Structures are given as C-alpha cells and as structure tokens.
Protein chains: 2
Amino acid sequence: MSSLTQSPAWLALAQHQHEIKTQHLRELFATDPDRFSRFTLHAGPLMLDYSKNRITEQTLSLLLDLAAQARLPENINRLLNGDKVNVTEHRAALHTALRNRSGQPVMLDGADVMPGVRRVLQQMREFSDAVRQGRWLGYTGRPITDVVNIGIGGSDLGPAMVTAALPADCRPLALHFVSNVDGAHLCQTLKLLDPETTLFIIASKTFTTQETLLNARSARAWFLQRAEHHDHVARHFVALSTNREEVLRFGIDPAQMFEFWDWVGGRYSLWSAIGLSIALGIGMDAFEALLQGAFEMDEHFRNSPLERNMPVILGLLDVWYINFFGAQTRAILPYDQGLNSFISYIQQLSMESNGKHVTRAGHAVDYATGAIIWGSSGTNGQHAYYQLLHQGTTLVPADFLAPMESRAPLGNHHLVLLSNFLAQTEALMRGKTEAEARRELERAGMKGEALEHLLPHKCFEGNRPSNAILFQKLDAHTLGALIALYEHRTFVQSVIWDINAFDQWGVELGKQLAQGILTELSDAAAPGTHDASTTGLIRHLRFHRN
Amino acid sequence: MSSLTQSPAWLALAQHQHEIKTQHLRELFATDPDRFSRFTLHAGPLMLDYSKNRITEQTLSLLLDLAAQARLPENINRLLNGDKVNVTEHRAALHTALRNRSGQPVMLDGADVMPGVRRVLQQMREFSDAVRQGRWLGYTGRPITDVVNIGIGGSDLGPAMVTAALPADCRPLALHFVSNVDGAHLCQTLKLLDPETTLFIIASKTFTTQETLLNARSARAWFLQRAEHHDHVARHFVALSTNREEVLRFGIDPAQMFEFWDWVGGRYSLWSAIGLSIALGIGMDAFEALLQGAFEMDEHFRNSPLERNMPVILGLLDVWYINFFGAQTRAILPYDQGLNSFISYIQQLSMESNGKHVTRAGHAVDYATGAIIWGSSGTNGQHAYYQLLHQGTTLVPADFLAPMESRAPLGNHHLVLLSNFLAQTEALMRGKTEAEARRELERAGMKGEALEHLLPHKCFEGNRPSNAILFQKLDAHTLGALIALYEHRTFVQSVIWDINAFDQWGVELGKQLAQGILTELSDAAAPGTHDASTTGLIRHLRFHRN
C-alpha cells in the first residue's frame, strides 16, 4: 500500500464515498436550496456550475484536505515559478511564461526568459502580417494563398483545434494540417494546392520526428518538382523547432526558423512558435487575445483560494470519480460545433500528462491515474452514444460546455442547441423513476402486460454527474482561458497522484521497435526476434505486399 | 444476483480469470509456438490475429460455453431470419436483407421484403447516375456540383464515414454533411455553395427529427432566397424517410422520396436509402460492392462454426475484458487516415446498441454491458494518448486495423505506417522489463543514482491486449465487410448480456425535457419546475442573452 492510499485524507474520502454513494442528486437538490449558488464559480470569461456532481459540502472539504496533504499550493507555485517540476528530464514546465502579459520577468536558472518570448512573438507578428497581407511572395512572385502545417501530436492538435474553433469570416489564407504518416493525408492535401502559392510550416520540437520529417521531405519533393531550384525552398518552408542544426540541414533559412525552448512541452506548445499557423489563420492580434485569456486563467490559478479555484475544483472532482467511483473515462461534450477538435486536444493534454504508473520518486502507484478522455460536439452525440450515458452500466462523468451566444446566429438554432444542452444535464442528473415512467405510459393509453413489459426499459436511474461550463461567446480570449483551465486541472490531478505530468517515456518503446520492424518489412532478410504474432504478421505482410 | 452471473459458464470464467490474470502474454507466446496460427482467422477480405489477447485455449472454450448457454446460434438465426428481435418495439432488425445478394427471398410477416429493397436500389441507381452524369439539372438548368446531406446520428455517421474512407480520385460531386443544430454547421457549409447547383438530401427516418428538420428548413430558406419559387424546391431537395406524409408537407416531390422501412434501425441504415449520399459520392457500383462485402460477412456469420466465426470471437473477447477484467472502454486504432471517422461510427453502433441496463425481459442487470468506444487513426494517436495505453493504470483493449497496401502510395510512407502499427501491438504486449530498461540506460552511459532514479519511469508492464485486423486495401468491398463485422460483434455481446441491441429508449428523456426548456428560454414567463441548477442556468442564460 502506498502512503497516499493509506493517508488520512484518502481514507476519509473512501469512507465518505461509502456513505454517500447511494444518495441521489435529486435528494441533494431537494434538501439544499442554495446548492446552485454554493457550487458555482467564475473565472475570467468562464462560469462553472458543478452542483450536478455527487458531492456535498463535506466532500469538497475532504477533497481540499487531500489537496492540502499533497501540498497543492506549494506545487502550484513551483510550477508557475519555473521550478524543475519535470523531474525525470530536469526541466521546468514554463508554458505559462509564453502567455505572461504582466510585464514581470520570469526567471529560469537565473535568467529572465521573457525577452526571448517577446522576440519570437515579434518575429511571428512580422511574418504572419507579411504573409496575410500578401507581402510575402512565393518564388514566382505570387502571394501565399495556402498554409500547410506539418506536425504531429502537440505540433498539430493545438493549432488545428484553435483554428477550427475560431474560423474567421473571410480568411486571407486557407489552412491545412498534415500529421499522419499515411501518405493519403499529404496526398489529399497537396492535390488541391499550387506550389507557387503554398507555404509549408514544419513543426517539430526536435526536428527529428519520424512522421513529420517524412511528410516534410515528401512535401519538399512535391514542391521541387515544380520549383526546381533548391533556393526556392527558403521562400516556401519555415520551421518551428528548438534544433537549429537540423533545420538548416533541411534547407530552411535560419531567418525563417521560429524558436522555442526545452521548457515548452509538446502538449503545452500552442502558446509558443508552434502557434504560428494560428497567427497566420486568425491574425496575430487574435493570437495575443488567446494568450491574454490563458494569462487570466493563470492568474486565477495562482491567486484564488483553493475552494474558489476553478482548475483546483475540477481537478479534485476528477480524482473523486476516478479514484473513489472507479470511473475510467470522462466525456467532454461541447455544445459548439467549433469545439469538435477540442476533445482530441484535451485527450493528448490529459492522457499523455497523467497516463502514468509510477510516482515522481519512481514507486509503482496502487491507485488509478489519468482517465480516458472522449466525446464530441453536442447535439451530435445525443443521436449516437448518449444512450449509454443515460442507461448504460458505466458511470461517465461529463463536462458540458456551451456559449450563450452563437457566432453564427440563424433563426432559433442556438436556442434549440442550448435547450438540448440544459436538458441533457438535467436528464442525466434526475433520471426518470418507475412511477414517472408508468404515469407517462398510462397517459399514452398503454396498460396491462404491454405496459409492464415496456416499463423497465423506459426508466432512467439518473444520478449521472456533470459539470456545466458557460461562456458568452467562443472567441480567442475565451478559448485561451478554457485551454489553460484544462491544463491546470490536469496538473492538479498529477499533484494529488504524485506523478510527473510533463514527461512521456511511454511513447518510446513503440518508436524503438518500429525502427527494427521497418527494416524487416523492407529487406529480404528473415524477420528478427519477435513473438510469434509479430513475426507472423511481418511474414504475412511481406508475402501479400509482393 | 442474476441467473447470468450465477450461471456455470460465467462462474467458470470468473474462476479462470482469477487463475490467469497474472500470466503475462510474453510467457504465453514463449510456451506455445503455435499461438499465432491457432488464434488467427480469415473472413472474406479480412484477417484477424487475436493471439495478443490474454487468453488460452481454455479461455476460448469457456467463452464458447457461455455462448452456448446464451443460445447464440439460435439467436443469430433469429436475427438473420427476420424474427422480431427488437422486442420492445416488436420489430425485426433486418439490415442484412438490405445487402442480401443471394437472390433468395427474405420473409417478414409472410411477405418477401426483397422486391422493395431492389426497387429502392434501382431508384438510387437511376437518381445517382443522373446527378453524377450531369443529367439532373438544377432550377436554372445547370448540373449539380454539391450535395449536402442533412441528417444526424445514423442518418449522418454512416454516409459521412464511408465517403471519407473511400475518396474517389476525381469525384463529379463534392459532398457535405450537416448534422449539428448549431447554426455554425449549416452556415459554414452554405457559405461555399451556390443554390443553383446544390442538392440537399434530407435524411430522417421519421422526418420529425428536431435538428434535421430545423437545418432542412433553414437550408430551404437559404435556397428560396435565390430561387424564389417554391416549385424549385423539388429539383433541389430529396428525402430519405419512412414518413411519406411529412415529406410531402415539406415540399419534396414523392418521386424523389427514397423509402426504407421500420425494420431498418437508424444505426444500421447506411445500407438502405440512407446510403444515397454514398451512391452519389462513390457511384452506385461501389455502393453495391459495399453491400457485397457486408453480405459476405453475413454469410460467414451465419455459416461458420462459433470457434471460427470472426464476429463471435470478437464479441466474446469484448465480454471477457468488460465483464472479467473490468475494462470500461475499447480503443479502435485504424492505421489508415481514411478510417478516422470509423471510430464515431462504431461509437454509435456499439454504445447505442449495448448501453443498456435491463435485460430483454426487463430485469436490471448486475453486470457491465456496452463499453465506451474511442480512438483515432494511427500514427496520430501515438503522439497523443498512447502514453496512457502503455504506462497508464487502466486496461484498454485495442483493435488495430491496417491495409497492407496504401491507396496513396508515396515513397516509403506506407512501410513506415505499417512498422508503427506492428511495433505498437508488440510493445503493448511485451512491455519492457526492469532488466531491459537497465541494460539500455547503462548502454547510454548512465549509472548510479541518476540511473536508479530514471529506471522505473522507463519500464513498461506490457500484457496489454490487442486485436490486429489486416486487409489488402481499403476499398468498398472491404469496408462493407468491416462494418458488418462490427455490427455482428455488437449483436453477439447483446446476446450474451441478454439485452435488446435494437432499441434506444435512453435518448428520449433529454428530448422531452428540451421541449419545455426551449419555451422557457424564449418566453418571458418564469422557468418551470427544475432543480436549482437547471433553473439557475436558465435564468443566467436569459439574463446574459438579453
């Protein structure tokens, strides 16, 4: 047993869960008229209603004890102050410096990182302005019309998500994102493009990412088929990287390399030069509004008392369901079509950060850590998988997100959207009792055996927890705050679990093995040493590909 | 306790799981050289390697006992023969008749459904040919260039998935899918289109689906702004529905209504008239190849002995992990960019079918039912959430899918893709022991405290199960077989769990409540009776929207 699961705060929560697990949210609402105002919070542009969670005042108080026991305030300060919280890589995790709008320095190893941050922001502004205003010309003198961001993971999901969420009404540039090494991804994208007016952004922290470099080289070959001269590469390829040497080797002009630093983790990098495609898509002013929104959430996270701190409350609720109710997943259900890619983004953020099995000190955990994040935009999900949320056997805590105003007002579409959003949180919480279902069926003229037969299928247990996150409108400022909220919430979980949210050693083994298998797939030599399945599949592939 | 969890087959499996849960797949492979050939199956164009599952011969034999106990063969026959397996709605689930290429009749209530099926297929061929060949003209005499499918859930996910998976090299028509009631979805789509050359497909079984009809009416208004005369609607709007009356009321010519029947469930409807946008996108011949692939899987499902029956084996493995290992989810990881939407499709298929909490006879279950389906195309996921698959604390059984040949051959992209696919299944299975990790770190020149500190973070437990599904190339025929495989696998689960896979009462409560809330959001009257949270949110929305 670990010290965590034997700690007083943990044991108290386990005991408390045992006591309240049969309590229905209906009752909790019935007995406490102040439940809504008590369990509602504001932070920057966001409002959080967490009253439809299976908690009481005592639950929160016990969760806050757990936070205190884990020295959460101290850990928040360590994160924000540039301590080397990424203990296995001896690095800080200073993504908050990238959006520090305070004018104050951020010190790391005795030096202020802010001048570097501001320099790259200025470089991004100049370049994105030039391209957007048609001043940056391709090799035949025509302005750029299309931008292809080639990156994967953190070098793809953030920019793709933000630019999908914030579509400008009339964009000077069309944006494309290529991530998958599957040749279809690049081919389908290039099919539509003209090399003379296309700009490629090669986004890779190390500039050695296999998929990205392969796609980048294929894109360069496609470009050179038309452009012929290698010198033209410099007008059409820019790099976002920390590895100057590799960037030069690729043929990219060092003036068009946008730098970031080893204290920027991939999944926290959209605030850095990795955001260049965002700046190109929505303009640098909007990109800075995104930073501003995140900065305000950082300040809220730094300064609010734990019991009024939105990322803290959400992170603790996550722990509550994962560790005390056995929830393996969380659904994210944004009632905004633009936030459809938000789920993939949070999937990486949360699962890569907290899908860990050892503590910071290297001890195996005996409790569950990061949950699986899944979902899609409402109302689509209602017609797909909500059946399981309402009547399945698995508890799925859910985040419902909604803008009060639409960015595309059209008849009463938005009111219908909002009514569905509210109705789903209500339905999940209250359910439908047998008596209610019976009354309905009787009113519909049903009776006798037919009624008794159908009745159990029409009942809903309810008591399904959800958070509701509301905001006025989905704009850059709000989106920045929203992303930062989920970043910090993820960090809060990691502090409770005593794990390092900033490394990702789990991605290495597959990469290593792929190197060997690639040779075995291509060469005539016999496969190397594998299990019978892997060997059998390699043989099968070699046979059927010839 | 239910009879299922007290049944001999179930208890034997529980006992067996207890015995083998600590056995590592590495050992199982080491001790059985025939494991690969023993646990490999072929069906139509698909090959399944299920040897990387935590099973032995005995596991399979016990799972087959469970299948026999649930009278699976009898239930398969009842499904395929048109018995009213949807017991709460007194309906058959005859989607297999839609792809019955045998020339044999399929009887339902004493009548052969095949003449009707063939008639609609013929109607789809004539119409899609006319539109694709530019013979079907818009109201100003110009041919159609763009098709907008307006539908949601089953009337959207299937066609959207198939047409994304099978992009033609040069399509005569551009396809668009609008599902979400969020006005942004329709607005962003229409922004690019010309009413004179746009065809709308309104897909709704009942023709009363709130989102679809609202989008359809807004699309009609957009169209009439330019076309002016109501008569023109008939050239630009077609309906896929079972409700003739509502279709006429909308202004659609009955000749352009494509019929289907109440024995076609929404999530099983892409094989019916709901597939019209597929036929328009890839041509009717390719649509019929899709049907043919599914038909071959139906025949395999009908005729193969259970122990060589691919949907049966997969369905039983699902039960094994869900009920005996506590897995709440399954990841679907296709190594084909075209199958990215396959996950959303299977999400609905699986979760809406089996997210149930009562048996067919209406008794509450005391075991877990349908799992949460999630995932995305590899290699993207490797750079996002695979960390959790490898080093997280939650068991996530995974399906890996891969085509041996690429449809977009480009350098060695496809070999790199395949090497990653294989490496991931190998890495998940074997892991990396402490001794292996130590050797690696030592070779990298690390030692002493630094090594000991890093070591536990570099270990992988392994023993993570996966299926590998291989096929030559992703074409219509293969995709048809793949979809039917997952349909039947879902049905197999439902038979073991004794639940009705074909109703979806769980979607009703939210819809009901949304009606009332919509009025309360729009009207000046005070909100109705809700919990304090729902009332509070309604008040907040009313205040901030004014």
Side-chain angles (χ1 to χ4, degrees), chain A residues 29 35-36 51-52 88 152-153 180-185 187 328 337 347-348 351-352 355 357-358 362 368-369 374 379 383-385 387-388 390-394 404 408 410 413 416-417 419-420 422-424 426-427 456-457 504-506 509-510 513-514 517-518 521 531-534 536 544, chain B residues 29 36 51-52 88 152-153 180-185 187 328 337 347-348 351-352 355 357-358 362 368-369 374 379 383-385 387-388 390-394 404 408 410 413 415-417 419-420 422-424 426-427 456-457 504-506 509-510 513-514 517-518 521 531-534 536 544:
Chain A
F29 273 105
R35 191 172 169 87
F36 174 68
S51 65
K52 287 191 182 112
T88 61
I152 194 165
N180 200 337
V181 77
D182 182 346
H185 206 180
C187 289
Q328 295 178 4
Q337 183 64 14
Q347 232 174 21
Q348 177 187 27
M351 297 171 68
E352 193 162 72
H357 71 305
V358 293
T369 57
W374 65 284
T379 54
H383 293 261
Y385 51 76
Q387 165 69 38
L388 184 144
H390 286 287
Q391 290 190 324
T393 55
T394 302
M404 294 190 274
L410 177 67
H413 282 243
V416 171
L417 184 70
S419 67
N420 275 284
L422 288 168
Q424 291 297 331
E426 185 181 14
H457 301 271
Q504 56 281 320
W505 301 107
L509 179 56
L513 296 176
I517 294 175
L518 179 59
L521 281 175
D531 58 274
S533 163
T534 306
H544 286 275
Chain B
F29 273 105
F36 174 67
S51 65
K52 288 191 183 111
T88 60
I152 194 165
N180 200 337
V181 76
D182 182 346
H185 206 181
C187 289
Q328 295 178 4
Q337 183 64 16
Q347 233 174 20
Q348 179 188 25
M351 295 171 69
E352 193 162 71
H357 71 304
V358 293
T369 58
W374 64 283
T379 55
H383 293 261
Y385 50 77
Q387 165 68 39
L388 184 144
H390 287 288
Q391 291 190 324
T393 55
T394 301
M404 294 189 275
L410 177 66
H413 282 243
L415 277 182
V416 171
L417 184 71
S419 67
N420 275 284
L422 288 167
Q424 291 297 331
E426 185 181 14
H457 301 271
Q504 55 281 320
W505 303 106
L509 178 56
L513 296 176
I517 293 175
L518 179 59
L521 282 175
D531 58 275
S533 163
T534 306
H544 287 276

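So you know, we letter chains A, B, ... as the sequences are listed, proteins then strands, and number each from 1. Since we're looking at a predicted model, the values are computed, not measured.
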Under 3.5 Å, side chain of B/Ser419 to main-chain N/O of A/Ile517, donor-acceptor pair present?
no
Value rounded to 0.5 Å, distance of CG in A/Leu422 from CG in B/Leu518
10.5 Å
Looking only at heavy atoms, the pair that brings B/Ser533 and A/Phe36 closest together is CA-CD1, 3.5 Å
For chain B, the option from A/Gly510, A/Ala184, A/Ala368, A/Ala384 that forms the most heavy-atom pairs under 4.5 Å
A/Ala384
Under a 4.5 Å cut-off applied to non-hydrogen side-chain atoms, are A/Gln391 and B/Val358 in contact?
no
To the nearest 0.5 Å, how far apart are CD in B/Gln337 and CG in A/Asn180?
4.5 Å
Under 4.5 Å between any side-chain heavy atoms of A/Glu426 and B/Leu509, yes or no?
no
Write down the atom of A/Leu388, the atom of B/Met351, and the distance for their closest heavy-atom approach.
CB-O, 3.7 Å
In this structure, CG of A/Leu521 is separated from CE of B/Met404 (nearest 0.5 Å) by 12.0 Å
Heavy-atom pair with the smallest gap, counting every atom of A/Gln347 and B/Trp374
NE2-CE3, 3.7 Å
So, for A/His383 and B/Gln348, which heavy atoms are closest and what is the spacing to 0.1 Å?
O-NE2, 2.9 Å
Heavy-atom proximity to chain A below 4.5 Å, by part of B/Ser51:
side chain
Distance-minimising heavy-atom pair for B/Lys52 and A/Thr534:
NZ-OG1, 3.0 Å
To the nearest 0.5 Å, atom NE2 of B/His457 lies from atom CD of A/Gln504 at 13.0 Å
Between B/His413 (side chain only) and A/Val181 (backbone N and O only), is there a donor and an acceptor less than 3.5 Å apart?
yes
Main-chain N/O of B/Gln387 paired with A/Glu352 side-chain donor or acceptor, under 3.5 Å:
no
Region of B/Thr88 that comes under 4.5 Å of a non-hydrogen atom in chain A:
both
Quick one: closest heavy-atom pair of A/Ala514 and B/Ala423, and the distance?
N-CB, 3.3 Å
Side chain, backbone, both or neither: which part of B/Leu410 has an atom under 4.5 Å from a heavy atom of chain A?
side chain
